[in-house]
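The structure under discussion appears below in the form of C-alpha cells.
Numbers here simply count residues along the sequence, with the first being 1. Quick note: numbers below take in every heavy atom, side chains included, and nothing from hydrogens, waters or symmetry partners.
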Amino acid sequence: MNTPAPACACGIVLVLLSLLTGPQTTTAQKNDIDIYSLIVDSKVSSRFAHTVITSRVVNRADTMQEATFQMELPKKAFITNFSMIIDGVTYPGNIKEKAAAQQQYSEAVARGESAGLVKATGRKMEQFQVSVSVAPAAKVTFELVYEELLKRHLGLYELLLKVRPQQLVKHLQMDIHIFEPQGISFLETESTFLTNELADALTVSQNKTKAHIRFKPTLSQQQKSPEQQDTVVDGNFIIRYDVNRTLSGGSIQIENGYFVHYFAPEGLPTIPKNVIFVIDKSGSMQGKKIQQTREALIKILDDLSPKDQFNLVSFSGEATQWMPSLMPASAENVEKARSYASGIWAQGGTNINGAMLMAVQLLDKANQEELLPFGSVSLIILLTDGDPTVGETNPKNIQKNVQDAIDGQYSLFCLGFGFDVSYAFLEKLALDNGGLARRIYEDSDSALQLQDFYQEVANPLLTAVAFEYPSNTVEEVTQDNFQLLFKGSEMVVAGKLRDQGPDVLTAKVNGHLLMQNITFQTEAKVAEQEKEFQSPKYIFHNFMERLWAYLTIQQLLEKIVSASDAEKQALETRALGLSLNYSFVTPLTSMVITKPEGQEESQVAEKPVENGSGSADSWLANRGGFGRQAGAPGKIPSLSRYKSPGPVHYRHLPSHPVYDMSPVLMGADFGPSLESAPAGPDGVFYDMDLRITEITMTAPPPGTSPAVPAPIQAPSVILPLPGQSVDQLCVDIKHSQGPMNLLSDPDQGVEVTGQYEMEKAQFSWIEVTFKNLQLQVRASPEHVVVTRNRRNSVYKWKETLFSVMPGLKMTMDEAGLLLLSSPDRVTIGLLFWDGPGQGLRLLLRDTDRFSSHVSGTLGQFYQDLLWEPPAADDDSKRTLSVQGHDHSATRELKLDYQEKAPGTEISCWSVEL
C-alpha cells in the first residue's frame with residue numbers, strides 16, 4: 001500500500017504563500033501529456049460552496065515530460081487542499097504559518113525564480129499553477145479543493161467556474177449541486193463556450209429546494225469541427241440564483257452545532273438619501289476616463305429618487321462644489337446637474353484631502369441647518385484614479401483628517417479608477433468610515449461598472465442593524481452590528497450553539513427604518529434544522545462550521561485594515577489560528593507541497609492582493625499604506641526620427657467606391673538613416689518622425705466615371721414577411737430624428753427601440769425590452785449590455801455566449817450574432833455587421849408569432865399588407881400599402897447581412913422610410 005511521502009524524503013518543496021483562490025484546468029504539451037479525465041464537483045449548501053477539481057493525466061511520450069495543472073479561482077475563495085498522486089504515491093499540501101515557509105520563499109526569490117505562480121487574471125479570478133515532471137507512461141492525479149461563501153449582489157448569488165482543458169478530454173464532467181432550505185426562487189446558467197450543438201450535454205433539474213446542473217460532453221461534442229482536434233470547451237460557466245424570502249427576521253439554519261442567520265427582508269420601502277459625488281478631474285483622468293465618468297454620472301443622476309438630496313464636488317488641484325448646499329433631486333435640478341457634469345474636463349493635480357473635507361462640510365452644514373430629513377441616510381462617493389499630489393499628500397494624514405471630519409455620521413464609498421491609485425489607501429479610507437472600496441477597471445464598460453456600484457448603494461433599506469440572540473444559547477458569533485442594509489444585498493451572521501442549548505433558537509433583528517425603530521423576530525427548531533442537512537449527495541459534513549470559520553476570517557482580515565496598531569496583533573493571531581485549524585490558505589498562511597525526490601526546481605507562489613504588489617509580505621506591511629500598483633500600464637515609447645532609404649510607395653485598397661489612386665510619398669525627410677534607427681525587440685522601429693511633404697494622386701480623366709462600380713450594400717433592416725408572396729422586405733431608413741420605436745407587441749411583452757444616425761447610415765444603438773421579464777438588452781457598436789433588476793452584464797461582440805433563464809435563451813456565436821428566443825415568442829437577433837455598409841443590424845425570426853397588436857416603424861409591416869401589382873412598363877416597381885399609407889417598393893440587389901460577412905446577394909423589394 002502506498003503512503004504519502006514524508007516531507008523529509010523529498011528533495012523539492014512547493015510553497016503556496018498567501019493564496020486566496022477559484023476555477024480553470026490542466027494544460028499540457030499536445031500529444032504528450034494526455035488529460036484523460038477532468039471532473040469539477042461543486043456543492044453549494046446554504047450559499048457555502050465547496051468545489052473539488054480533479055484532473056488525471058498520463059505521459060504518452062517516450063521521455064520525461066512536464067505536466068502543468070492550471071486553474072482559475074475566485075478571489076474571495078480559500079484553497080483548503082491541493083495534492084498530487086504520482087504512480088500511487090500521494091504528495092499532499094500542508095498549511096503552515098507564512099513565516100514557517102519564508103525560508104523556501106526567500107531562497108527561490110534569491111535564485112531569481114518567479115513567485116508569480118498565483119496571479120490575478122481579470123476582475124474576479126486568480127490563476128493557480130503547479131508543474132511536475134512525469135516519467136514515460138506514468139499517471140498523475142491533481143486535486144484542488146477550495147471554498148467560498150457566495151455573496152448576494154443586486155439580488156443574485158453567483159457561482160463562477162472556469163474550464164480550460166486546452167485539449168479533448170475523454171471524461172469531462174461538471175456537477176453542481178445546490179441545496180437551499182429557503183427554496184430556490186430563480187436559477188439561470190450562462191456559459192461563454194456552450195453552443196446549440198453542446199446544449200444537449202447540459203442538463204438542469206430543479207425542485208423546490210434543490211438543483212442539479214450537469215455538463216458532460218462527449219469527445220465529438222467537444223471538437224470544434226470533425227476536422228479539428230481542438231476543443232470548444234474554453235471559458236466561463238456561471239450559475240446565478242436567488243432564494244425565497246419574506247418580510248421577516250430572516251432564515252436561521254443549523255448544522256452540527258453551528259448556525260447561520262441570513263437576513264434580507266422583502267417589501268421594505270427605500271430610505272431617502274443625501275449623497276455627495278466627489279469626482280476627480282485631474283490631468284490623469286483625461287481622455288476616455290473622464291468621458292466614461294461623465295457618461296456614468298449623468299446616468300446615475302437620472303436614477304436619483306425625487307426624495308433624495310445631492311450635490312457634486314469636482315476636484316483637481318482645487319475642489320469646486322456645484323451648488324453651495326444640498327439640492328433636492330427634482331427634475332429641474334437633475335437636468336442642471338447633468339449640464340454641469342457634461343462640462344467636467346480633466347486637468348491639473350489631485351487634491352483628495354481638500355475635496356473630501358469640502359464634501360463633509362456640505363453635509364455638516366445641511367445637518368446644522370436641519371435640512372437632512374430625519375431618518376435619511378448620508379453617503380459620500382469618491383471616484384479617483386491617482387495618488388494625491390496637491391495639498392495634504394500624506395495618506396495617513398488624509399485618512400485621519402477624513403475620519404475625524406466624518407466622525408461616524410456618514411458613510412464613505414471609494415472607487416479607484418485603474419491601477420495608478422493606491423487601492424490600500426482607498427480601502428482603509430472607506431472601511432474607517434462605514435463604507436467599502438471598489439476598483440473600476442479601465443475598459444469599454446467602465447461607465448457601466450460605475451453605474452453598477454451606484455446601484456448597490458442606491459436603495460438603503462435599514463440603518464443601525466443589530467442581531468440579538470439569547471446569551472446562554474450561542475457563542476463565538478461573527479459580526480452582528482451593521483451600519484446599512486441595501487436592497488439586493490444580504491446580511492450574514494454565524495455562530496456556535498452552546499452545549500446543552502435550547503431546542504429552539506430565537507433571534508431579534510433591530511434596525512431603524514425612516515422615522516421609527518423596527519424589530520424582526522424569528523426562530524428555528526434545532527432538531528428540525530439539523531435534519532435538513534443530512535443528505536450526503538448535497539451536503540458535505542461540517543459545512544456550517546467551515547462557513548462560520550470562513551466568515552470569521554474574512555471579517556478579521558477586513559478589521560485588520562482599519563485597526564489601530566495595538567489591535568492588529570490580536571486580530572492577526574486569531575485569524576492565523578483559524579486559518580491553520582481549518583486548513584485555509586489566506587494572506588497569513590502558506591501551503592507547502594512536497595514533490596518527488598530528484599526534481600530539483602522548486603516552485604514558490606503567493607496570493608496576489610488587491611492593493612497591488614501581489615505578495616503576502618506587502619499585504620501585511622501596506623495595510624492602509626500607499627504605493628505603486630501592480631498591473632499599471634507601462635510608458636509608450638516616444639516617437640522621434642527615422643530616415644527612409646528611399647521613397648515609400650503604397651496603394652490604397654478601398655472597401656467602397658473611390659477614384660483609382662496610387663499615392664506615392666515623395667521627397668519625405670525622415671531624419672537619420674534607417675540603419676541608425678533603433679529597432680525594438682519585436683523588429684519595430686521606435687523614435688521616428690515621419691513628415692510627408694508631397695502626395696501625388698492619379699484620378700480618372702474629366703467627364704469619366706470611376707473605374708470601380710459601387711458595391712452592393714446591406715440594407716438598414718431585412719424583414720421576413722410570413723404569409724406573403726414576397727419573402728423578404730428590405731428597409732432603408734432615410735429620415736430619422738431621435739430614438740425610434742421600431743416595434744412593440746404588448747401581447748408578446750416585447751419592445752424594440754433604436755437610434756439611427758443618418759450621417760453614418762447605421763444604428764448607434766438598439767434596445768430590446770422584455771417587459772414581463774423586467775429585462776433589457778442594449779446593443780451598441782462596442783458591446784452588448786443586459787440589464788435585469790438594476791444589474792448590468794456586459795458582453796463583447798463575437799465572444800460566444802449561451803445563457804438560459806426562465807422565459808428567455810440568449811446565444812451569441814463567433815460571428816457576433818446575438819439571438820434572444822423563447823418557445824412562444826418572436827426571435828429577435830442583434831448583430832454588429834462588419835461587411836459592406838457595416839453597423840448594428842436587427843434580425844427577426846418566427847415573425848408569424850407577432851400578435852395583431854404589433855406596431856412601430858417596423859412593426860407596422862406585420863399588420864395587414866396590400867401589394868399593388870407591378871407597374872405595366874416597369875415590373876421592378878410596386879406599391880406597398882400599410883395601414884392606409886402607400887410606400888414605393890423597388891426590386892433591388894442587396895447584401896443579406898443575416899449571413900456571415902461579406903454576406904450573400906439577394907433580390908428583394910426595397911422601401912425607404
Side-chain angles (χ1 to χ4, degrees), residues 16-21 75-79 95-102 118 120 126 147-149 151 395-400 402-403 406 408 411-414 416 421-439 476-483 492-494 547-591 606-627 629-630:
L16 302 178
L17 290 170
S18 314
L19 272 165
L20 276 177
T21 356
K75 290 180 178 180
K76 289 294 185 181
F78 288 157
I79 286 179
I95 308 293
K96 294 185 178 182
E97 182 180 357
K98 187 174 74 71
Q102 190 62 42
V118 179
E126 293 168 352
E147 295 173 346
E148 62 176 323
L149 179 62
K151 184 178 181 181
K396 291 186 178 179
N397 291 345
I398 295 173
Q399 288 163 345
K400 184 178 186 305
V402 173
Q403 188 172 15
I406 288 180
S411 295
L412 170 61
F413 298 89
C414 298
V421 63
S422 171
Y423 187 84
F425 162 67
L426 293 181
E427 183 179 40
K428 178 170 172 55
L429 195 63
L431 291 175
D432 283 347
N433 297 284
L436 56 86
R438 181 74 52 80
R439 190 185 299 283
E476 299 188 60
V477 177
T478 60
Q479 179 182 342
D480 56 8
N481 284 269
F482 302 87
Q483 194 161 335
V492 186
V493 178
L547 184 160
W548 165 82
Y550 172 97
L551 184 60
T552 302
I553 294 168
Q554 290 281 24
Q555 291 177 352
L556 288 170
L557 293 174
E558 190 174 277
K559 287 180 181 178
I560 288 171
V561 173
S562 55
S564 66
D565 291 338
E567 298 169 326
K568 284 179 182 176
Q569 185 59 52
L571 294 170
E572 288 175 7
T573 300
R574 186 168 182 227
L576 173 62
L578 288 170
S579 300
L580 293 173
N581 288 343
Y582 291 92
S583 296
F584 285 135
V585 180
T586 72
L588 301 172
T589 56
S590 305
M591 178 179 280
E606 60 175 35
K607 172 180 171 50
V609 289
E610 188 62 63
N611 67 344
S613 69
S615 72
D617 289 333
S618 64
W619 185 89
L620 293 171
N622 294 335
R623 291 182 309 245
F626 206 75
Q629 295 303 295

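Ring geometry, Tyr550 versus Phe584: the interplanar angle exceeds 60°, so the pair is classed perpendicular (tilted spans 30 to 60°).
Between Val492 and Thr478 the shortest heavy-atom distance is O-OG1, 4.3 Å. Annotation for Val421 and Gly416: closest pair CG1-CA, 3.8 Å, computed over non-hydrogen atoms. Shortest non-hydrogen contact noted between Glu427 and Ala437 is CA-CB, 3.6 Å. Scanning all heavy atoms of the two residues, the minimum distance from Leu429 to Ile398 falls at CD1-O, 4.3 Å. Taking both residues in full, the closest heavy atoms of Ser411 and Gly434 are given as OG-O, 3.7 Å, listed atom of the first, atom of the second, then distance.
For the atom pair CG (Leu412) and CG (Leu426), the distance works out to 9.0 Å, reported to the nearest 0.5 Å. Note that CD of Glu148 is 10.0 Å distant from CD of Gln554, once rounded to the nearest 0.5 Å. Expressed to the nearest 0.5 Å, how far CG of Leu588 lies from CD1 of Ile95 amounts to 12.5 Å. Atom-to-atom distance recorded for Ile79:CD1 and Thr586:OG1 is 11.5 Å, nearest 0.5 angstrom.
Side chain of Gln555 to main chain of Gln479: a donor-acceptor pair is present (N/O by atom type, distance under 3.5 Å, no hydrogens or angles).
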| Thr552 vs Arg574, side-chain contact (heavy atoms from CB on, under 4.5 Å): CA-CA, chis, key distance, verdict | CA-CA 9 Å; Thr552 302; Arg574 186 168 182 227; 3.8 Å; yes
| For Glu558 and Val561, what are the C-alpha separation, side-chain angles and deciding distance, and is it a side-chain contact (heavy atoms from CB on, under 4.5 Å)? | CA-CA 6 Å; Glu558 190 174 277; Val561 173; 5.7 Å; no
| said: Working note: Ser579 + Thr589, criterion side-chain hydrogen bond (donor to acceptor under 3.5 Å, both in side chains); need CA distance, chi angles, decisive distance, verdict. | reply: CA-CA 7 Å; Ser579 300; Thr589 56; 4.9 Å; no
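Under the 4.5 Å side-chain criterion, counting only non-hydrogen atoms from C-beta, Phe78 is in contact with Ile553. Between Glu567 and Lys559, every side-chain heavy-atom pair lies at or beyond the 4.5 Å cut-off.
Partners of Asp432 by salt bridge (Lys or Arg N to Asp or Glu O under 4.0 Å), not counting sequence neighbours, listed by chain and number: Lys428.
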